[in-house]
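Okay, structure first, notes after.
Side chains are part of it too, since the values below use all heavy atoms of this structure and drop only hydrogens, waters and symmetry mates. Every chain is numbered from 1 and lettered A, B, ... according to where its sequence line falls, protein lines coming before strand lines.
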Number of protein chains: 2
Amino acid sequence: MKDPITTPPAKADATVSSQAPSSQSASSSITLQDIAAHAKVSRSTVSLVLRESPLVAKRTREKVQDSIKTLGYVYNRGAAAMRGSRTATLGVVVYDIANPFFGSMVAGIDAALHQEGYVSFLANSEDSPKRQQRFIERMREHRVDGLLLCPAEHTDPNLIHQLTDWGMPCIQVMRYLDAPPFDYAGTDFRRVAEMAVNHLVSLGHQRIAFIGGADHSVSHDRWLGYQAALDRHGLAYRRLVRGNGVTRRVGHELIKTLMQESPRPTAVVCHNDLVAFGAMLGLRQMGLEPGRDCAVIGTDDVEEAELGDPPLTSIATHPYAIGEQAARLALRRIANPGGERESVIMPPELKIRRSCGSPDDAIVETPRPD
Amino acid sequence: MKDPITTPPAKADATVSSQAPSSQSASSSITLQDIAAHAKVSRSTVSLVLRESPLVAKRTREKVQDSIKTLGYVYNRGAAAMRGSRTATLGVVVYDIANPFFGSMVAGIDAALHQEGYVSFLANSEDSPKRQQRFIERMREHRVDGLLLCPAEHTDPNLIHQLTDWGMPCIQVMRYLDAPPFDYAGTDFRRVAEMAVNHLVSLGHQRIAFIGGADHSVSHDRWLGYQAALDRHGLAYRRLVRGNGVTRRVGHELIKTLMQESPRPTAVVCHNDLVAFGAMLGLRQMGLEPGRDCAVIGTDDVEEAELGDPPLTSIATHPYAIGEQAARLALRRIANPGGERESVIMPPELKIRRSCGSPDDAIVETPRPD
DNA sequence: ACATGGATTTGGAACTATCCAAAAACGTCT
DNA sequence: AGACGTTTTTGGATAGTTCCAAATCCATGT
């Protein structure tokens with residue numbers, strides 16, 4: 001990739017207006033004290049007005065609010081946090097913000113926090129426990145009121161206990177470390193995988209494979225769900241190819257290995273929609289038609305699923321809602337740190353589209369292209 | 001969507017361990033003062049150690065660092081910010097964090113800031129100027145050192161002047177309000193559109209349409225680039241269908257209208273890759289083959305482009321790099337608020353794949369197994 | 001005129017760091 | 001031992017809020 005182009009000097013005329021302005025409204029050094037003087041009341045009264053206390057008389061409140069407007073006062077939350085107990089900030093750690101799933105989740109978090117006057121620090125751990133650790137330390141230094149954590153792979157499970165020892169409320173999201181009780185928001189990934197298998201079985205499939213996953217709770221749960229569902233239906237065939245990661249590329253590779261085996265699966269459950277897209281592409285490249293020659297089902301129900309070719313049947317996991325719920329749970333925990341730990345589980349939802357074809361289609365063996 | 005399932009009480013046994021711990025390391029009320037006492041030095045000295053001042057003698061430094069470890073002291077950045085001048089925080093506003101383009105951009109921002117010990121507040125404006133405004137006010141209250149802003153649609157252009165009046169360093173990213181000079185990081189969208197047209201012309205196309213866009217600088221620039229390139233090549237046919245938005249759905253709708261006209265275009269430049277995917281899908285549904293019956297070119301080069309069907313030719317805009325550059329520019333501006341305004345422009349890059357049916361088709365082709 | 005009591009308002013201490021000018025410690029040289 | 005120049009260390013002032021106990025206000029009843 002080429003270097004960026006930078007435009008430093010511009011033309012001489014522009015330079016003047018390109019200097020920082022020296023307007024008299026200089027970066028606000030106007031304080032409570034100034035407002036108090038202007039409104040002829042005490043600092044304390046102004047403080048009460050700012051916090052919308054019912055104690056202060058209407059006339060006084062209005063007078064103070066006038067002064068605030070006139071002088072262009074900006075509340076200093078840092079100073080307030082120093083004396084008071086809360087900062088109205090939260091730390092949020094995800095491991096891959098470029099993944100639209102987490103994008104939606106963060107959008108949900110943001111919406112819920114915004115309503116309550118909170119703002120959030122965001123960090124992208126890139127699945128590195130070291131980066132995650134550094135960020136958490138910074139969050140402590142900034143005295144955030146709580147933490148929303150999607151733990152990085154291979155995080156020391158002791159981390160949550162450490163956090164609670166430090167008195168830092170922490171909600172785990174999607175993934176979790178160690179065992180309950182803890183605060184958690186996510187979906188039931190065992191159930192997700194079970195629903196996928198159930199749907200395929202209901203379409204008549206007997207040889208159902210599972211592809212994709214990584215070494216973390218969300219994958220383990222899916223694998224467990226896959227196997228439990230097969231057990232329940234008394235199906236002997238099972239083929240669990242974990243691969244390395246949850247990307248299109250992984251799906252693309254794994255499906256090819258899988259379809260060269262004999263007997264072939266007639267259906268495949270994918271760790272998520274990205275893996276499923278990769279798998280569908282792989283099938284096409286082998287001359288097989290997804291939905292007819294092999295049923296494909298994804299999980300997450302990302303936006304692309306609906307407009308895929310064929311449209312992908314998927315188990316929706318509602319990341320936006322999970323984000324909202326996680327944020328709300330965090331606020332509850334902050335308000336009541338000693339309270340009972342909670343888990344908020346969003347129920348998954350089956351979205352039937354065309355990538356699993358019809359029962360008749362799916363059972364028929366297609367001769368190999370070679 | 002169903003309501004989430006919440007597990008409040010759990011069983012009685014678990015309740016005990018589910019209470020917040022009352023460990024003696026209570027949420028750190030250990031201050032500089034305590035460290036000073038423990039190490040038998042003054043507050044000032046401890047402060048110097050914390051800030052890695054070269055003034056303090058080696059023996060003293062080590063003594064103090066021991067005490068810090070022993071007592072489990074956590075630096076209070078809020079208090080430091082009050083007396084000092086910087087908070088080491090930045091505000092970041094995007095309008096759609098669920099869009100993977102912004103996901104990557106935020107990842108780049110995060111990486112660059114993390115290196116310098118900064119953390120960022122993130123907000124998702126959902127393209128609402130009102131939400132954006134509220135967030136910016138909060139950022140002022142939190143005394144962030146600067147702002148990275150992808151302005152929401154229909155933002156009052158006066159906003160940047162206001163920000164500079166307030167003495168708040170602000171870097172605009174991707175989109176911009178009003179006219180230079182200002183600090184900006186993004187790509188040259190005119191050039192992006194021009195490159196797309198140039199590529200199509202080089203393949204022999206004469207009737208080239210453009211679809212998609214919204215009412216903002218990034219769209220205006222693309223439209224200008226499209227028209228300028230046609231002018232340069234002396235092509236009379238021009239068809240600019242703006243539609244409403246930059247989604248798959250828009251691409252899907254617009255291509256259908258377009259292909260029913262006569263004369264039909266032989267190639268279409270899409271506002272971004274999402275629009276392009278929608279367009280390709282639309283073509284297929286009309287019985288037309290993207291790349292053969294109509295060339296399609298996207299912009300952004302999202303990850304999906306490569307694994308699309310057919311793989312999408314696209315102009316890469318490098319969101320991660322733009323994020324990094326924007327963050328670095330912000331840090332420069334904070335260090336030197338009065339300095340010359342800068343624009344950092346990442347050069348776009350043509351990624352040739354198969355959606356334009358180019359002659360070198362075969363070169364990019366993935367070998368089929370049969 | 002004065003005690004009563006609820007509604008408002010207030011001043012001083014507290015919170016936890018940094019800044020700065022001045023003091024202390026130390027080593028070296030005469 | 002004392003003068004001198006560095007290197008380290010220090011105490012007091014300061015930043016902008018909240019908390020809290022006490023002071024003030026004001027209308028009412030006697």
Ring pair (Phe, Tyr, Trp, His ring centres under 6.0 Å) with B/Phe121: which residues, sequence neighbours excluded? A/Phe121, B/His142

Under a 3.5 Å distance rule, please check whether A/Arg61 uses its side chain to pair with a backbone N or O of A/Val64 as donor and acceptor. no

When rounded to whole Å, the CZ to C1' distance for the pair B/Arg51 and C/dA17 reads 9 Å

Give every residue pair that meets the salt bridge (charged side-chain N to carboxylate O under 4.0 Å, His left out) criterion with at least one member in residues 37-57 of chain A, sequence neighbours excluded. none

For A/Val344, is there any backbone N or O sitting under 3.5 Å from a side-chain donor or acceptor partner on A/Tyr184? no

Could you give the CG-to-C1' distance, from B/Leu32 to D/dT9, as a whole number of Å? 15 Å

Whole angstroms only, please: what is the CZ-P distance between A/Arg143 and C/dC15? 13 Å

Can you check the A/Ile30 CD1 to D/dG16 C1' distance for me, whole Å? 13 Å

Applying ring pair (Phe, Tyr, Trp, His ring centres under 6.0 Å), can you list everything that pairs with A/Phe135, at least two apart in sequence or on another chain? none

Rounded to whole Å, CE of A/Met82 lies from P of D/dT18 at a distance of 12 Å

For B/Asn76 and C/dT16, what is the distance between atoms CG and C1' respectively, to the nearest whole Å? 6 Å

Taking five pairs at each end of the helix from C/dA1-D/dT30 to C/dT30-D/dA1, what angle separates the two helix axes (nearest 10°)? 60°

Pairs involving residues 119-138 of chain A, ordered by first then second residue, that meet salt bridge (charged side-chain N to carboxylate O under 4.0 Å, His left out) (sequence neighbours left out): A/Glu126-A/Arg131, A/Asp127-A/Arg175, A/Arg131-B/Asp110

Which heavy atom of A/Ala185 sits nearest a heavy atom of A/Ile171, and at what distance? N-CG2, 4.4 Å

What is the distance, to the nearest angstrom, from the CG atom on B/Asp34 to the C1' atom on C/dC15? 13 Å

Please determine, by modelled atom types, if B/Thr45 and B/Ser42 share a side-chain donor-acceptor pair under 3.5 angstrom. yes

May I ask you to evaluate whether B/Tyr73 reaches the phosphate of C/dT16, defined as a side-chain N or O under 4.0 Å from OP1 or OP2? no

Strictly distance-based, threshold 3.5 Å: is any side-chain N or O of B/Gln132 a donor or acceptor partner for the main-chain N or O of B/Ala152? yes

For the pair made of CG in B/Leu50 and P in C/dA17, what is the distance, rounded to whole Å? 8 Å

Base-contact (B) and sugar-phosphate-only (S) positions in nucleotides 8-14 of chain C, heavy-atom cut-off under 4.0 Å, - elsewhere: BSBBBBB

